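Heavy-atom basis, side chains included; hydrogens, waters and symmetry copies ignored. Chain naming here is simple, since letters A, B, ... match the order of the sequence lines and numbering starts at 1 in each. Quantities reported herein were computed from a predicted structural model and do not represent experimental measurements.
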2 protein chains.
Amino acid sequence: MIEERVQEWLGRLQACGCRLTGPRYILVEILARADRALNPQELHAIASQRYPSLGLVSVYRTLERLESLHLIQRVHQPDKCQAYIAAFDGHQHLLLCSQCGRVRFFDGDELGGLVRRVEQESGYRVEDHWLQLFGLCDQCQALQGNEVVLYE
Amino acid sequence: MIEERVQEWLGRLQACGCRLTGPRYILVEILARADRALNPQELHAIASQRYPSLGLVSVYRTLERLESLHLIQRVHQPDKCQAYIAAFDGHQHLLLCSQCGRVRFFDGDELGGLVRRVEQESGYRVEDHWLQLFGLCDQCQALQGNEVVLYE
DNA sequence: GCTTATAATGAAAAAGATTTTCAATAGTAA
DNA sequence: TTACTATTGAAAATCTTTTTCATTATAAGC
Ligand SMILES: [Mn+2]
Ligand SMILES: [Mn+2]
Ligand SMILES: [Zn+2]
Ligand SMILES: [Zn+2]
């Protein structure tokens with residue numbers, strides 16, 4: 001299933017005239033597999049292990065390309081706002097572990113009533129919303145904050 | 001009411017041993033009056049009109065001080081994440097005009113049921129949430145996007 | 001008021017993050 | 001293989017934020 005995602009992303013890249021290069025294989029594979037948001041530096045550090053000559057600038061360029069294809073999306077957190085994770089189709093919200101950074105998507109917010117009430121009270125016309133939940137994932141609850149298991 | 005806020009902030013600054021200086025008066029006044037989030041550059045540009053010798057570094061320092069006193073809070077937006085607005089007491093959410101940037105607070109989300117459902121499905125323990133609504137304020141609706149009225 | 005201690009200031013330098021430039025390289029189609 | 005050109009990484013440039021430091025100015029004590 002993750003492998004399919006990797007193949008799909010590579011296909012989407014090729015479909016829009018992009019070439020499949022070493023740096024892109026690595027970066028796509030890491031991003032498509034990641035269960036937490038990675039910023040350019042983290043991504044570069046991880047990818048460099050398998051592709052030592054990788055330049056940070058290629059990481060920036062690949063992130064930009066993948067984001068413009070809506071394959072990844074930016075994740076805002078209190079302390080970092082420049083991290084990316086595989087994007088979900090459709091309208092979804094994020095659930096983030098504030099300990100290890102693990103991210104999950106969920107859907108089905110029940111904001112209709114709230115939005116109508118706020119529109120009435122404020123006079124604004126609401127067109128979009130951000131909803132993110134923060135908490136502890138099951139693993140981090142079990143560890144009780146003693147250790148943190150990070151990616152790789 | 002806004003004047004009271006200015007006085008309160010100045011009092012809070014003094015109460016914790018800070019000195020009341022020219023740069024601080026100006027910055028507090030602008031931030032306490034602003035109805036949209038301002039980033040360091042914008043704030044510096046506005047404040048410089050009244051205090052030309054103001055250094056950008058004092059803007060950063062004042063923002064840090066006011067934030068640590070919980071008098072202002074950071075506002076995240078799709079394109080800028082380093083802007084600040086007067087903080088609200090208690091748990092509140094933001095409503096932002098995506099045209100002019102005007103910000104309002106609202107309370108009373110109805111997320112209890114959703115949070116419980118997501119906790120069940122995910123195994124996460126949810127501890128906090130971010131909810132922001134984006135839309136068009138009444139003024140920007142009236143202008144139909146022809147003009148944008150910005151601060152000062 | 002005058003003196004004094006020291007918090008605050010702005011210029012400059014440093015550090016970090018991101019973007020641009022450019023010559024060399026390598027993927028792709030013919 | 002060849003030719004075209006997208007992509008690469010190094011280096012430079014640009015922006016943003018933080019640190020350093022000598023100078024200034026607030027506020028407390030007299
Ligand atoms: Mn953000
Ligand atoms: Mn809430
Ligand atoms: Zn976790
Ligand atoms: Zn507006």
K.L.:
What is the separation between atom NE2 on A/His44 and atom P on D/dT8, rounded to the nearest whole Å?
P.N.:
12 Å

K.L.:
Nearest to the side chain of B/Gln82, which nucleotide is it out of C/dT28, D/dT17, D/dG9?
P.N.:
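Nearest to the side chain of B/Gln82 among the choices is D/dT17.
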
K.L.:
Can you check the A/Tyr25 OH to C/dA26 P distance for me, whole Å?
P.N.:
15 Å

K.L.:
The side chain of B/Val57 lies closest to which of these nucleotides: D/dT7, C/dT19, C/dG10?
P.N.:
C/dG10

K.L.:
Of the options C/dT18, D/dT16, C/dA8, whose atoms approach the side-chain atoms of A/Gln41 most closely?
P.N.:
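Closest nucleotide among those given: C/dT18.
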
K.L.:
Between B/Arg116 and B/Glu121, does any side-chain N to carboxylate O distance fall below 4.0 Å?
P.N.:
no

K.L.:
Could you measure the distance from the CZ atom of A/Arg61 to the CG atom of A/Leu56? Nearest 0.5 Å is fine.
P.N.:
10.0 Å

K.L.:
What is the distance from CG of A/Leu10 to C1' of C/dG27, rounded to the nearest Å?
P.N.:
14 Å

K.L.:
Starting at CG of A/Leu56 and ending at C1' of D/dG9, how long is that distance when rounded to a whole Å?
P.N.:
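Distance, rounded to whole Å: 11 Å.
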
K.L.:
Under 4.0 angstrom, heavy atoms only, what part of the nucleic acid is B/Gln14 near: base, sugar-phosphate, or nothing?
P.N.:
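Sugar-phosphate, no base atom in range.
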
K.L.:
Measure from CG on A/Leu38 to P on C/dA17 and round the result to the nearest Å.
P.N.:
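Atom-to-atom, A/Leu38 to C/dA17, this comes out as 16 Å.
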
K.L.:
Which of these nucleotides, D/dT7, C/dA8, C/dG10, is closest to any side-chain atom of B/Arg65?
P.N.:
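Taking heavy atoms from C-beta onward, the closest nucleotide is C/dA8.
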
K.L.:
Just the rounded figure in Å: distance from P of D/dA12 to OH of A/Tyr60.
P.N.:
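Roughly 19 Å, once rounded to whole Å.
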
K.L.:
Distance criterion of 3.5 Å, no angle test: do you see the side chain of A/Arg24 paired donor-to-acceptor with the base of D/dT7?
P.N.:
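Such a pair does not exist between side chain and base.
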
K.L.:
Salt bridge check, B/Arg125 against B/Glu127: does any charged N sit closer than 4.0 Å to a carboxylate O?
P.N.:
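Yes, B/Glu127 and B/Arg125 are salt-bridged.
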
K.L.:
Let me know the distance between CG of B/Asn39 and P of D/dT16, rounded to the nearest Å.
P.N.:
9 Å

K.L.:
Side chain of A/Arg61: nearest nucleotide among C/dA11, D/dT8, D/dA6?
P.N.:
D/dT8

K.L.:
Using the ring pair (Phe, Tyr, Trp, His ring centres under 6.0 Å) criterion, which residues pair with A/Phe88? Sequence neighbours excluded.
P.N.:
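Expected list: A/Phe105.
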
K.L.:
Which listed nucleotide (C/dT6, D/dT7, C/dA17) is nearest to the side chain of A/Thr21?
P.N.:
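The answer is D/dT7.
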
K.L.:
Give the nucleotide from the list D/dT16, D/dT5, D/dA25 with an atom nearest to the side chain of B/Arg19.
P.N.:
D/dA25

K.L.:
Please report the interatomic distance CD1(A/Ile30) to CD(A/Gln49), rounded to the nearest 0.5 Å.
P.N.:
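Separation between the atoms: 8.0 Å.
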
K.L.:
Could you state the CG-P distance from A/Leu63 to D/dT8, rounded to the nearest angstrom?
P.N.:
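Distance check: A/Leu63 CG to D/dT8 P gives 12 Å.
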
